Amino acid sequence: MYVGKKVTRVDAYDKVIGRTRYTDDLCDKSAYIARILHSTIANGHVLSIDTSEAEKIPGVVKVFTCFDLKEKHYFPTAGHPWSTDKSHQDVADRLVLTDRVRFYGDDIAAVVAEDEVSAAQALRAIKVEYEEYPFVLDVMDAMKEDAPQLHDKYPNNILKHTTISKGNYEEAIKEPGLIKVEGWYSTPTVQHCHIENFICYAEMEGDRIKVVSSTQIPHIVRRVVGQALGVEWGKIRVIKPYIGGGFGNKQDVLYEPLCAWLSMQLHGHLIKLDVPREETFVSTRVRHAIKSHIISWVRPDGTFAARKLEAFSDQGAYASHGHSICAKGVGAFPQLYPCDNVEADAYTIFTNKSVAGAMRGYGIPQAMWAVECHTEDICAKLNMDPLEFRRKNLMPVGFKDAFSKNELYSDTFNQCLDKGIEVTDYLRKYKEYQNQTGDIRRGIGMAVFWYNTAVWPISLETSSCRMVLNQDGSLQVQLGETEIGQGADTAYSQMTADILGVPLEAVHVVSCQDTDVTPFGTGAYASRQTYTAGFSIRQTALLLKERILKYAHELTRMPEYNLDIIDGQIVRITDNRVLMSLGDLSTEALYSLSHSEHLSAESTAQIKSNAYSFGCTFAEVEVDIPMCKVKLLDIVNVHDAGTLINPALAEAQVHGGMSMGIGFGLSENLLFDPKTGRALNNNLLDYKLSTFMDHPRLRAYFVENAEPTSAFGTKSLGEPPTCSIAPAIRNAVYQATGVYVNDAPVNPHHLFRSMKEQHMFEEGGEANV
């Protein structure tokens with residue numbers, strides 16, 4: 001059996017020696033180079049674009065502008081499953097090039113040249129005349145009546161507003177003796193910073209367009225390119241090679257439609273569009289900055305009487321994934337700490353900033369920041385131990401969500417907390433670090449998280465798998481759930497080998513998807529791959545096994561129910577006798593003069609279930625108050641991700657997520673000039689991405705409670721490691737400093753100023769990453 005073992009990644013060797021080929025490696029050198037001209041205003045109209053000087057530059061093939069669009073096909077970009085129900089379709093608000101500018105960096109023209117130098121020179125030679133409008137960068141300002149309006153269909157710039165209501169909040173808060181705890185909690189705009197910037201190339205093949213793209217969602221890209229170009233979807237072919245990271249940025253359709261359109265304008269010539277890092281920061285996607293306001297009414301014994309949340313999500317200039325991020329985060333609010341009386345409002349608001357889309361955690365890192373900072377504030381107000389409070393209020397065993405039908409089957413939270421306490425010596429340190437004085441202080445903090453697996457019942461969940469038996473008894477496996485560096489192909493191999501009964505080395509997963517031949521799947525997102533693909537892998541492997549044993553019956557005369565496949569051999573189970581190898585059977589089946597059959601199987605599994613993943617983070621810090629410096633001394637993540645398919649891959653996933661969470665909590669923030677709307681630090685020098693120099697030893701631990709809804713007992717792990725890092729660090733800093741202003745924590749950006757000057761930053765206080 002291979003499931004549960006630390007087997008070597010199937011792609012490890014090629015990646016280590018540099019033999020793996022990514023999108024840029026596959027593009028022919030004859031490709032023209034495309035570069036995009038981005039707007040230099042945050043809001044307005046393009047009045048004219050003068051390309052005359054640019055087109056005189058040697059090597060420039062053509063300059064296309066927003067005025068060259070003969071037909072305007074508005075298209076959505078979110079990597080969501082398509083719905084034939086228009087009310088469930090994503091907002092179609094993008095064009096391949098636009099004259100209506102909505103953020104500093106919008107796409108208004110494109111240069112096609114023979115080389116990079118000519119393309120860069122041409123961009124500098126283009127002259128643009130704008131009609132400039134006022135712009136708005138803050139979500140609270142954007143909702144005001146006199147704010148600049150980005151889209152006519154959305155008054156007050158509100159893309160969507162949804163509510164959750166349970167019980168009777170207004171009556172509940174009348175209960176005598178309640179303690180009110182209130183605070184604002186904000187998260188910054190951050191970028192994914194994957195190693196491989198977005199890149200694609202496109203060319204015509206007859207009357208069809210081929211797009212090769214570094215994407216998480218090849219089948220969705222196919223549909224969206226068709227919509228953007230007004231072309232039948234069957235005339236689009238999308239190939240996804242190996243991908244150098246995506247983290248959700250490549251769960252959007254970024255520039256594939258533009259690249260394909262440019263190729264079509266130039267008679268199908270090969271066009272490559274490789275987005276530089278500075279443009280990746282601004283003009284692809286960022287994580288939603290969310291401001292949250294929470295009020296909790298708590299009894300003196302530490303139980304909730306009523307709770308209220310308002311969350312305001314900064315969508316940026318276009319809809320992309322839209323309201324789904326904020327809605328998911330707000331949906332966690334009444335589940336993580338169940339309460340009989342809850343009101344929650346989620347707002348997603350347009351601003352004249354870079355477009356926000358999916359990013360690892362999909363709204364939950366922002367939600368856990370707000371909820372877990374607020375939880376610590378409640379504990380401080382009640383003078384109650386944070387662990388005791390959480391154990392009293394966290395989701396209990398047997399809790400079932402009415403919407404998703406998710407259920408907590410095991411005592412997961414207490415098991416994870418117990419493990420974290422043990423490995424960090426939390427109880428001793430928490431007591432030791434109370435009430436410190438001096439310039440150098442230490443603190444230890446913790447936070448928990450909630451996460452779903454996949455997207456049912458909000459959206460379609462489906463997975464298709466194809467298995468083909470080769471002459472030597474090995475097999476090809478194809479799935480639409482994409483490998484994006486996380487090790488999915490290895491997990492697929494392990495699951496296939498176990499169900500079919502073949503050696504792991506006999507399973508060849510076709511890693512690079514091609515929409516012409518790869519079975520349909522919606523891609524890599526929502527920590528869905530192992531969970532959803534497990535259903536189709538098990539189902540397809542059992543179908544293939546049935547066909548193999550049926551053919552083996554013809555060759556051996558043994559009844560099928562007395563046969564099995566063990567380690568690649570056809571075995572009679574009554575006496576464990578090996579009758580023949582799977583390779584001998586397959587060769588005979590292919591070349592038999594009496595019964596020739598190519599043994600294969602393909603099936604689709606529609607998944608109508610979901611699963612909870614939970615865990616926690618413990619963080620220890622040292623705060624140097626005169627130097628205004630926080631040093632992370634220790635950090636531990638504990639997860640219940642169900643049965644681990646490959647413990648080594650699981651640990652690697654957690655380490656990567658922890659690293660992203662450290663940057664989110666301590667240093668990363670994409671800044672915008674309030675005078676122009678321009679991004680100020682859109683490069684890896686000025687944008688303070690955390691590195692291994694900022695990390696202590698990253699430690700990951702697991703509690704394995706097999707998920708009963710899952711084909712292999714597994715559930716989400718890709719995104720959960722990012723979710724509780726930032727609030728755990730903040731809570732550790734808070735314990736170290738003990739600063740508490742006006743019954744609410746101060747903003748950590750002003751933490752050191754408050755400690756030195758002892759004056760209030762703002763009424764009520766505000767906690768920010």
Side-chain angles (χ1 to χ4, degrees), residues 137-140 142 183-193 247-249 281 285-294 309-316 321 323-333 336 344 346-349 351 353-377 445 447 449-451 617 619 630 657-658 660-672 679 681 687-690 719-731 733-734 744-751 762 765-769:
L137 301 180
D138 180 80
V139 288
M140 310 309 285
W184 282 89
Y185 309 89
S186 299
T187 61
T189 299
V190 300
Q191 219 277 327
H192 309 69
C193 296
F247 305 122
N249 195 22
F281 264 103
R285 301 293 179 268
V286 295
R287 174 178 276 164
H288 293 75
I290 298 180
K291 293 185 176 182
S292 299
H293 179 229
I294 303 178
L309 164 68
E310 292 176 296
F312 304 91
S313 178
D314 189 341
Q315 179 53 50
H321 282 249
H323 190 60
S324 56
I325 281 90
C326 190
K328 180 169 183 176
V330 170
F333 183 68
L336 185 65
Y347 296 85
T348 297
I349 302 119
T351 65
K353 288 164 67 176
S354 297
V355 181
M359 186 173 175
R360 194 175 190 174
Y362 210 80
I364 300 302
Q366 299 98 309
M368 294 304 99
W369 168 261
V371 171
E372 285 299 87
C373 289
H374 184 71
T375 300
E376 206 76 8
D377 299 345
F449 74 85
W450 165 104
Y451 206 79
T617 300
V630 175
M658 292 172 76
M660 293 188 78
I662 290 168
F664 184 53
L666 285 176
S667 61
E668 295 182 46
N669 192 359
L670 186 58
L671 302 170
F672 296 88
N681 58 333
Y687 181 85
K688 299 306 179 184
L689 190 69
S690 70
E719 293 166 282
T722 66
C723 294
S724 53
I725 300 291
I729 295 172
R730 176 268 192 190
N731 292 342
V733 172
Y734 173 63
V746 298
N747 181 324
H749 288 304
H750 301 263
L751 171 67
E762 70 178 39
E766 181 174 353
N768 289 271
V769 174

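Just so it is clear, the structure is predicted and the values come from calculations on it, not from any experiment. Just the heavy atoms: all of them, side chains too, but no hydrogens, waters or symmetry mates, feed the values below.
- When side chains are defined from C-beta on, Ile364 does not count as touching Trp369, because their heavy atoms never get closer than 4.5 Å.
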- Criterion side-chain contact (heavy atoms from CB on, under 4.5 Å) on Thr351 and Gln315, from CA distance to verdict: CA-CA 7 Å; Thr351 65; Gln315 179 53 50; over 6 Å; no
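- With Tyr347 as the aromatic partner, Lys291 does not meet the cation-pi criteria of under 6.0 angstrom to the ring centre and within 45 degrees of the ring axis.
- Atom CD1 of Ile662 sits about 10.5 Å away from atom CD of Glu668, to the nearest 0.5 Å.
- Contact between Tyr451 and Gly361 at its shortest, heavy atoms only, is CE1-O, 3.3 Å.
- At least one cation-pi condition fails for Arg360 and Tyr362: the charged atom is not both under 6.0 angstrom from the six-membered ring centre and inside a 45 degree cone around its axis.
- The backbone N or O of Leu671 sits less than 3.5 Å from a side-chain atom of Asn681, completing a donor-acceptor pair.
- For the atom pair Met658 CE and Ser724 OG, the distance stands at 9.0 Å (nearest 0.5 Å).
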- Can Gln191 and Tyr687 be said to form a side chain to side chain donor-acceptor pair (under 3.5 Å), step by step? CA-CA 9 Å; Gln191 219 277 327; Tyr687 181 85; over 6 Å; no
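- Here the shortest heavy-atom pairing between Ser292 and Leu309 reads CB-CD1, 4.0 Å.
- Rounded to the nearest 0.5 Å, atoms CZ (Phe312) and CH2 (Trp184) are 5.0 Å apart.
- The distance from the NZ atom of Lys328 to the SG atom of Cys326 is 13.0 Å, given to the nearest 0.5 Å.
- Shown here for Asn731 and Cys373, the closest heavy-atom pair between the two residues is OD1-CA, 4.1 Å.
- Nearest heavy-atom pair, Ala370 versus Ile294, reported as atom, atom and distance to 0.1 Å: O-CD1, 3.6 Å.
- Annotation: side chain of Val286 is not in contact with side chain of Phe281 (no heavy-atom distance under 4.5 Å).
- Rounded to the nearest 0.5 Å, atoms OG1 (Thr722) and CE (Met368) are 10.5 Å apart.
- Under 3.5 Å, the side chains of Gln366 and His288 contain no donor-acceptor pair of N or O atoms.
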- Begin from the C-alpha positions of Val371 and His374 and carry the test side-chain contact (heavy atoms from CB on, under 4.5 Å) through to its verdict. CA-CA 5 Å; Val371 171; His374 184 71; 5.7 Å; no
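- Val733 places none of its side-chain heavy atoms less than 4.5 Å from the side chain of Arg730.
- Atom CG of residue Asp314 and atom CE of residue Met140 lie 11.5 Å apart, to the nearest 0.5 angstrom.
- Residues in residues 719-729 take part in no salt bridge (charged side-chain N to carboxylate O under 4.0 Å, His left out) pair, two or more places apart or across chains.
- With a 6.0 Å cutoff to the six-membered ring centre and a 45° limit on the axis angle, Arg287 counts as a cation-pi contact of Phe664.
- A pairwise comparison of heavy atoms in Ile325 and Gly357 identifies CD1-O, 4.1 Å as the closest pair.
- Put simply, the side chain of His192 gets close to the backbone of Asn249: a donor and an acceptor are under 3.5 Å apart.
- Partners of Arg285 according to the salt bridge (Lys or Arg N to Asp or Glu O under 4.0 Å) rule, which considers only residues two or more places apart in sequence or in another chain, are Asp252.
- With hydrogens and angles ignored, the 3.5 Å screen pairs a side-chain donor or acceptor of Thr187 with a backbone N or O of Ile290.
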